[in-house]
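We're numbering straight along the sequence, starting at 1.
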Amino acid sequence: MTLLAPYACDPADSRGRRHVEPAAPTRSAFQRDRDRIVHSTAFRRLVYKTQVFLNHEGDLFRTRLTHSLEVAQLGRSIARTLHLNEDLVEAIALAHDLGHTPFGHAGQDALNACLKNHHPDSAGFEHNLQSLRVVDTLEERYPDYNGLNLSFETREGILKHCSRRNARRIEAREPGGVAQRFLATAEEQPAQQPGLEAQLANLADEIAYNAHDIDDGVRSGLLRLEQLEQVELFAQYRRDTLLQHPGLQGRRLLFETIRRMLSAQVYDVMDATRAALDAAVVDSVQAVRLSPPLVCFSPHMAAKSSSLKRFLLQNLYRHPQVVETTQTAQQVVRELFAAYMADPAEMPQAHTDRFDRLESGPLAGAGSPPKPERVVADYIAGMTDRFAAKEHERLIGRVAFPV
């Protein structure tokens, strides 16, 4: 095992779990978190949840599951070199998308609008917060509590973003807990960062989706290699590849270019983060929390990464074919929400039973059951693309997507 740096999260110093449990005899707290995530129902569902392209559009496009695996691989590689806790990075990476809806961000946006339209005071829907709900409340595997009862550090990493409004709700249930850092102000207390492992999982997520969305975009025919010449990060390593392998074409040229891109970003993060750690002179996890973000690209690489993201936004995510699919997906989610709100009995009894069951996780009121619209949102968010399409056809009588 790699020797941990003094600023890495040590499982022996974990802030613990919401429900006290005896330690596992052969696994650290973070290894146990990872194993619980891998065996969860929500993790298995990711295999049929959209990354960019829907399941019926092709067997080889990334899904939320394969994306999460790629994030974990990149994160562990960087963590090992920086002497951070690999197991914690992996646990966060594997869990970070557990709360994603079917149909990717299209489903999230539609479900958020449904909740807001139903009740203006609603917390809405955001997939990071939903991922926390999954591991804290919605998974039902253990006899003594709901959720997976993960360690504080893993839960903190899962909650990558959170509005102040939602953070206040979580803080009321868990004072000084995973939402506290979103409430800090200069007047009250210094702003805090999560641990380095959470910061690393966040940046590995960005590196992974930028790279594999190029691959999937070219595979789909919506992007052309010639188009990508306008992206400095891609064009640089395509030129390098052709200098070393003249005449290389097609998939091999694409794969080798992306491989070099990934390697360059990984090494850049390692070097830039080492420099940031040296400059900040941190020697503990608490010092990390009181410092600015430390896991980072160099300014030059950050600019290249931002340019690539802008290119993908304009040329892939806003491509007319993707937009058309997005609009259909949002209509499916809206109509599912309306159908279940009109007749909750259309949901399985296990979900309607929650109307009368007290809840203690994120967004829960003090000692109260979840509101019907939140139960409906939880049910829809847990669906795979395929199941959502089947349910939509059953309830609405119209085929939106092939299943």
Got a sec, which residues hit side-chain contact (heavy atoms from CB on, under 4.5 Å) with S298, two or more places apart in sequence or on another chain?
D268, A272, H300, M301
L159 versus I170: any side-chain heavy-atom pair under 4.5 Å?
yes
Report yes or no: is the cationic atom of R260 (NZ for Lys, CZ for Arg) under 6.0 Å from the centre of the six-membered ring of Y237, at an angle within 45° of the ring normal?
no
If the condition is side chain to side chain donor-acceptor pair (under 3.5 Å), which residues does R27 pass it with, not counting sequence neighbours?
D35
Ion pair check, E171 and R168, cut-off under 4.0 Å
no
Under 3.5 Å: donor-acceptor pair, side chain of N315, backbone of F311
yes
Only one of L115, D109, V333 forms a side chain to side chain contact (heavy atoms under 4.5 Å, CB included) with F125, so which one is it?
L115
Selection residues 316-342 - residue pairs positive for salt bridge (charged side-chain N to carboxylate O under 4.0 Å, His left out), sequence neighbours left out
E335-R398
Do R34 and F30 come within less than 4.5 Å of each other through their side chains, counting heavy atoms only?
no
Tell me whether R274 at atom CZ has more than 12 heavy atoms from other residues, nucleotides or ligands lying less than 6.0 Å away.
yes
Please round to the nearest 0.5 Å and tell me the distance separating atom CD1 of I214 and atom NE2 of H212.
11.0 Å
Answer yes or no: does atom OH of Y267 have more than 12 heavy-atom neighbours from other residues, nucleotides or ligands under 6.0 Å?
no
Please check if the side chain of D385 supplies one atom and the backbone of F103 the other of a donor-acceptor pair under 3.5 Å.
yes
Say whether E21 and N149, considering side chains only, have a donor N or O and an acceptor N or O under 3.5 Å apart.
yes
Using modelled atom types and a 3.5 Å cut-off, is there a donor and acceptor pairing between side-chain atoms of E139 and backbone atoms of A42?
yes
Shortest non-hydrogen pair, P11 vs L4, comes out as CD-CD1, 4.4 Å
Heavy-atom neighbours of Q321 CD exceed 12 at 6.0 Å:
no
Minimum heavy-atom separation for M270 to T81, with atom names?
CE-OG1, 3.4 Å
Using the side chain to side chain contact (heavy atoms under 4.5 Å, CB included) rule, take D13 and V285 through it: C-alpha gap first, then chi angles, then the decisive distance, then the call.
CA-CA 10 Å; D13 298 325; V285 174; over 6 Å; no
Check whether any side-chain N or O of K116 sits under 3.5 Å from a backbone N or O of S122 as a donor-acceptor pair, and report yes or no.
yes
At what distance, to the nearest 0.5 angstrom, does OG1 of T273 lie from CG of D278?
11.0 Å
So, the side chain of T63 versus the backbone of T50: is there a donor-acceptor pair under 3.5 Å, distance only?
no
Report yes if the side chains of L395 and E346 come closer than 4.5 Å at any heavy-atom pair, otherwise no.
yes
Looking at residues at least two apart in the chain, or sitting in another chain, which of them share a ring-ring contact (aromatic ring centres under 6.0 Å, His included) with Y145?
H19, Y142
Measuring only between side-chain heavy atoms, which start at C-beta, is E70 closer than 4.5 Å to H67?
no
side-chain hydrogen bond (donor to acceptor under 3.5 Å, both in side chains) between Q265 and S305, worked out:
CA-CA 9 Å; Q265 290 174 91; S305 177; 4.6 Å; no
Identify whether the distance between the nearest side-chain nitrogen and carboxylate oxygen of E174 and R15 falls below 4.0 Å.
no
Taking C-beta and beyond as the side chain, do Y7 and L84 meet within less than 4.5 Å on heavy atoms?
yes
Check against side chain to side chain contact (heavy atoms under 4.5 Å, CB included), F61 and V52
CA-CA 8 Å; F61 294 124; V52 175; over 6 Å; no
With distance as the sole test, does S306 use its side chain to make a donor-acceptor pair with the main-chain N or O of A303 at under 3.5 Å?
no
Please check: side-chain N/O of R76 versus main-chain N/O of D87, any donor-acceptor pairing under 3.5 Å?
no
Quick one: CG on L233 to NZ on K309, what's the gap to the nearest 0.5 Å?
12.0 Å
With sequence neighbours left out, which residue pairs that include part of residues 210-223 fulfil the salt bridge (charged side-chain N to carboxylate O under 4.0 Å, His left out) condition?
R62-D215, R62-D216, D215-R251
R141 (side chain) donor-acceptor with S40 (main chain) under 3.5 angstrom
no
Please report the C-alpha distance between H100 and Q130 in whole Å, then the side-chain angles of each, then the deciding distance to 0.1 Å, and finally whether the side chain to side chain contact (heavy atoms under 4.5 Å, CB included) criterion is met.
CA-CA 7 Å; H100 246 300; Q130 189 69 11; over 6 Å; no
I want to know whether H127 and H96 have ring centres closer than 6.0 Å.
no
Between D240 and Q244, is any pair of side-chain heavy atoms under 4.5 Å apart?
no
I need the minimum non-hydrogen distance between A79 and V89, along with the two atoms involved.
CB-CG2, 3.9 Å
Checking side chain to side chain contact (heavy atoms under 4.5 Å, CB included) for the pair R354/L138: CA distance, chi angles, key distance, verdict?
CA-CA 10 Å; R354 290 182 56 217; L138 300 180; 3.7 Å; yes
Can you give me the closest heavy-atom contact between P372 and F355, atom names plus distance?
CA-CE2, 3.6 Å
Rounding to 0.5 Å, atoms CG (L74) and OG (S263) come to a distance of 9.5 Å
Verify the distance criterion only: is there a donor paired with an acceptor across the side chains of Q73 and S77 at less than 3.5 Å?
yes
Output yes when a side-chain donor or acceptor of T101 lies under 3.5 Å from a complementary backbone atom of G104, and no otherwise.
yes
Is there a side-chain contact between P369 and D356 (heavy atoms, below 4.5 Å)?
no
Minimum-distance pair of heavy atoms, taken over all atoms of L46 and D97:
CD2-O, 3.4 Å
Considering residues, nucleotides and ligands other than K371, do more than 12 of their heavy atoms fall under 6.0 Å from its NZ?
no
At their closest point, which heavy atom of G99 faces which heavy atom of S131, and how far apart are they?
N-OG, 2.8 Å
Exactly one of D33, D144, D136 should register a salt bridge (Lys or Arg N to Asp or Glu O under 4.0 Å) with R17. Which one does?
D33
Between the main-chain N or O of L183 and the side-chain N or O of R164, is there a donor-acceptor pair closer than 3.5 Å?
yes
Going by atom type alone, with no hydrogens or angles, which donor-acceptor pairs under 3.5 Å involve a side-chain atom of residues 194-203 and a protein atom two or more places apart or on another chain?
unit_1: E197; atom_1: OE2; unit_2: C9; atom_2: N; d: 3.0
unit_1: E197; atom_1: OE2; unit_2: N85; atom_2: N; d: 2.9
unit_1: Q199; atom_1: OE1; unit_2: L294; atom_2: N; d: 2.8
unit_1: Q199; atom_1: OE1; unit_2: V295; atom_2: N; d: 3.2
unit_1: Q199; atom_1: NE2; unit_2: P194; atom_2: O; d: 3.0
unit_1: N202; atom_1: OD1; unit_2: K160; atom_2: NZ; d: 3.3

Atom pair CG (L313) and CG (L308), whose distance is rounded to the nearest 0.5 Å:
11.0 Å
Separation between NE2 of H351 and CD1 of I380, rounded to the nearest 0.5 Å:
11.0 Å
Hey, is E393 close enough to K390 for a salt bridge, meaning N to O under 4.0 Å?
no
